[in-house]
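Remarks on the structure that follows.
We name chains A, B, ... by the order of the sequence lines, and we start the count at 1 in each one.
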Amino acid sequence: MIAYCGTTTMSDDIDWLHSRRGVCKVDLYSPKGQQDQDRKVICFVDVSTLNVEDKDSKGAAGSRSEGELNLETLEEKEIIVIKDTEKQDQSKTEGSVCLFKQAPSDPISVLNWLLNDLQKYALGFQHALSPSASSCKHKVGDLEGDYSKIPSENCYSVYADQVNFDYLNKGPQNLRLEMAASKNTNNN
Amino acid sequence: QSPSNPATKSPSNQRSVATPEGECSMDDLSFYVNRLSSLVIQMARKEIKDKLEGGSKCLHHSMYTSGDKGKTSPRSAVSKIASEMAHEAVELTSSEMRGNGEDCRDGRKTFLYSEMCNKNKCGEKQQMCPKDSKEFADSISKGLMVYANQVASDMMVSVMKTLKVHSCGKPIPACVVLKRVLLKHTKEIVSDLIDSCMKNLHNITGVLMTDSDFVSAVKRNLFNHGKQNAADIMEAMLKRLVSALLGEKKETKSQSLAYATLKAGTNDPKCKNQSLEFSAMKAEMKGKDKCKSKADPCCKSLTSAERVSEHILKESLTMWNNQKQGNQGKVTNKVCCTSKDEKREKISPSTDSLAKDLIVSALMLIQYHLTQQAKGKDPCEEECPGSSMGYMSQSAQYEKCGGGQSSKSLSMKHFETRGAPGPSTCMKENQLESQKMDMSNMVLSLIQKLLSESPFSCDELTESDNKRCCDPRSSKAAPMAKRPEEQCQDNAELDFISGMKQMNRQFIDQLVESVMKLCLIMAKYSNNGAALAELEEQAALVGSGSRCGRDAMMSQNYSETPGPEVIVNNQCSTTNLQKQLQAVLQWIAASQFNVPMLYFMGDDDGQLEKLPEVSAKAAEKGYSVGDLLQEVMKFAKERQLDEAVGNMARKQLLDWLLANL
């Protein structure tokens with residue numbers, strides 16, 4: 001069983017166009033050169049690019065899409081963050097998977113679609129970077145089904161004890177997610 | 001035509017109306033008076049017109065014929081003619097009235113009128129072509145007055161001649177008749193006067209506006225006035241700006257005034273002006289630096305980090321003081337019983353100590369940064385043996401000089417210390433450098449004093465918190481707090497506690513934000529990589545060394561702290577542009593959340609290989625998140641335009657950013 005909870009959309013309040021924050025450094029990831037340190041991996045997945053077979057057959061996300069959480073009905077402004085709540089001893093790397101549906105790029109209003117995309121990425125970062133042991137993490141089953149009752153909120157966090165990413169597979173269709181559910185609950 | 005006697009057309013027949021039978025009505029009376037007045041006016045007009053047409057060639061303008069525009073003519077001719085005519089008319093009327101033996105009630109007006117006409121005659125002396133515009137205006141006004149007087153005089157004569165009218169066998173009081181007649185004619189007279197005035201005014205302005213000298217003089221005057229006003233406004237604005245930037249200049253005696261104010265705590269009435277005093281201290285140092293311009297030159301000698309440090313220090317001190325004042329005010333206003341005092345003390349010390357820790361952390365960071373900066377920017381320190389005193393020792397010397405000395409004297413001592421023993425070239429450089437670093441020294445000295453004081457000593461943080469209840473500075477509130485006032489209600493106490501919590505939380509949040517901003521800006525503006533690393537270590541040490549600081553770090557929002565390094569793996573892009581755009585937007589989002597380092601995974605097609613280069617360039621040029629987003633918007637709009645015109649040869653986003661950042 002996986003717990004999830006609705007959260008407020010803090011990124012709505014960000015005035016992106018007038019933000020004076022400095023830009024961060026960017027580099028390309030090279031596994032060999034990285035030292036073992038506190039890092040987080042965020043995988044952004046556009047669910048509209050995944051074919052149904054993969055979604056249904058792979059991992060917990062797919063299993064949830066069959067039941068309570070249908071990814072095909074995910075709205076453009078919604079995002080689901082699947083978080084790993086346990087750090088693996090060997091890498092300390094926490095992982096999150098951000099599932100969202102990409103909005104069509106409106107050719108008229110550049111600002112709108114830019115901000116729309118930006119907001120989704122911000123939500124992803126915001127929830128993926130927040131501590132896993134935050135108050136947002138409810139006990140398993142506490143808020144089951146509640147996400148659908150909060151239509152005004154467009155971000156949900158789904159917590160799993162362990163998330164495994166198959167980075168070796170290339171292409172969006174071949175992404176494989178595996179989430180280990182909590183041990184003391186019913187596993188769907 | 002008169003309603004009762006249509007045959008009456010002349011003033012002579014008018015008398016026949018005023019028959020002793022008294023059958024004449026008031027309407028008849030008004031009619032005749034009106035008729036008489038109109039006749040007089042028409043006659044006057046005709047006479048004036050005849051004289052103008054048959055007179056001098058200069059007489060093109062008149063009060064009633066203003067068709068000849070733009071020609072220069074003797075404007076006083078009209079008034080002169082009118083004056084003469086009026087005078088003659090008055091003379092005739094007066095003689096007639098005298099001959100008829102009537103009681104002339106309008107003698108005073110006639111006299112005035114005659115007097116004015118005589119005066120006019122004597123003053124103008126037959127000058128037909130006056131050139132002075134003032135004389136012209138005077139003559140116009142006099143002419144109008146003459147005309148008005150003439151009309152009024154004629155009316156009065158007519159009225160007086162009809163005063164024999166009886167109504168219903170009784171003579172009508174003269175004043176009643178006069179009033180009615182005057183009312184009847186008022187509109188016409190006023191309208192006539194206004195019309196005349198407007199025509200003359202039009203002539204005057206028309207002539208004046210075609211006079212280039214006059215127009216240029218008016219423009220020049222207006223410009224001078226406007227310029228003066230603008231200069232005054234600008235000066236006032238600049239003064240306000242300067243006062244806002246530097247604060248009100250007060251009698252600041254020492255560099256440690258702000259500190260002294262802080263030290264004095266809530267009992268010191270100067271606390272209210274703490275920020276001003278700090279600003280005044282800054283202004284004094286500015287004057288010492290011989291910065292002649294008003295605001296900027298002082299700031300130009302500072303690095304961004306110094307400015308921010310200064311700002312944060314001031315802000316922290318102000319907030320700290322405000323918070324203390326708030327506490328004091330709350331305690332004073334909401335006096336509670338002893339058991340409730342304990343509740344308050346349980347809240348306040350913990351939050352205060354937390355706040356203190358944060359301030360200490362910020363101060364230590366600033367101190368460290370300034371020290372590092374001094375080491376890095378002062379190469380002559382080691383080369384010139386005589387001026388080898390480091391900033392730390394200098395600041396120590398400042399401390400020895402004592403808080404009683406003015407910052408100016410401290411600065412002079414600083415100059416002497418640095419400049420005197422060294423070679424001349426080095427001395428000049430030292431002086432220049434010392435000027436630049438004076439602010440740093442002062443801030444550093446102030447910080448060291450603050451840190452060395454017991455209220456801010458890390459070791460005594462907890463003790464000081466505990467002692468604060470017994471501190472003499474806070475003892476003013478204590479007696480009041482211990483007063484046994486039983487009427488204090490529980491609700492008020494709860495409000496007080498919640499208010500305290502809220503206030504402390506806000507205060508601490510602001511402090512945390514200030515500290516973290518400082519850290520980030522220091523890291524950003526630091527050119528020395530080693531120093532940056534040390535700074536980070538120092539920050540970590542400060543954070544770990546301070547119990548409350550660590551707790552605060554733990555509790556603060558992740559968006560305000562540099563978070564962990566983030567590896568992004570995108571699994572949704574289809575086109576190259578989308579992939580690049582997605583990466584840039586994610587870069588923007590990560591920057592907003594203070595991610596220190598963002599890695600992108602899975603760039604097998606090499607689409608993102610230029611992204612590190614772009615980010616380095618953006619960081620180098622100081623681009624903010626907003627700036628970067630606006631650049632992306634520009635790119636997207638350009639692309640839309642290109643698509644609209646069918647231009648397919650387009651740059652990719654990262655290439656475009658590289659070229660345009």
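The CG atom of B:N570 sits 10.0 Å away from atom SG of A:C98, with the distance rounded to the nearest 0.5 Å. Between the CG atom in A:L115 and the CG atom in B:L585 there is a gap of 9.0 Å [rounded to 0.5 Å].
Of the listed residues B:M633, B:Q586, B:K637, the one with more heavy-atom pairs under 4.5 angstrom with chain A than any other is B:Q586. Among the candidates A:V26, A:D117, A:L114, the residue making the largest number of heavy-atom pairs closer than 4.5 Å to chain B is A:V26. The residue among B:A618, B:A590, B:A583, B:A616 with the most heavy atom pairs within less than 4.5 Å of chain A is B:A590. Of the residues considered (B:L628, B:L629, B:V632), B:L629 shows the highest number of contacts with chain A, using heavy-atom pairs under 4.5 Å.
Heavy-atom distances place both the backbone and the side chain of B:L608 under 4.5 Å from chain A.
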Q: Show your reasoning for whether side-chain contact (heavy atoms from CB on, under 4.5 Å) applies to B:N569 and A:Y29.
A: CA-CA 9 Å; B:N569 183 17; A:Y29 179 74; over 6 Å; no
Q. Where do B:Q582 and A:Y121 land on the side-chain contact (heavy atoms from CB on, under 4.5 Å) test, with the steps shown first?
A. CA-CA 9 Å; B:Q582 187 177 32; A:Y121 297 136; 2.7 Å; yes
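Between the side chain of B:S591 and the backbone N or O of A:C24 there is at least one donor-acceptor pair closer than 3.5 Å. Judged purely by atom type and a 3.5 angstrom limit, B:Q630 uses its side chain to pair as donor or acceptor with the backbone of A:L17. Formation of a donor-acceptor pair under 3.5 Å by the B:S624 side chain with backbone atoms of A:S19 is found in this model.
Applying the salt bridge (Lys or Arg N to Asp or Glu O under 4.0 Å) test to every pair with at least one member in residues 610-622 of chain B, sequence neighbours left out, gives these pairs: B:K610-B:D655.
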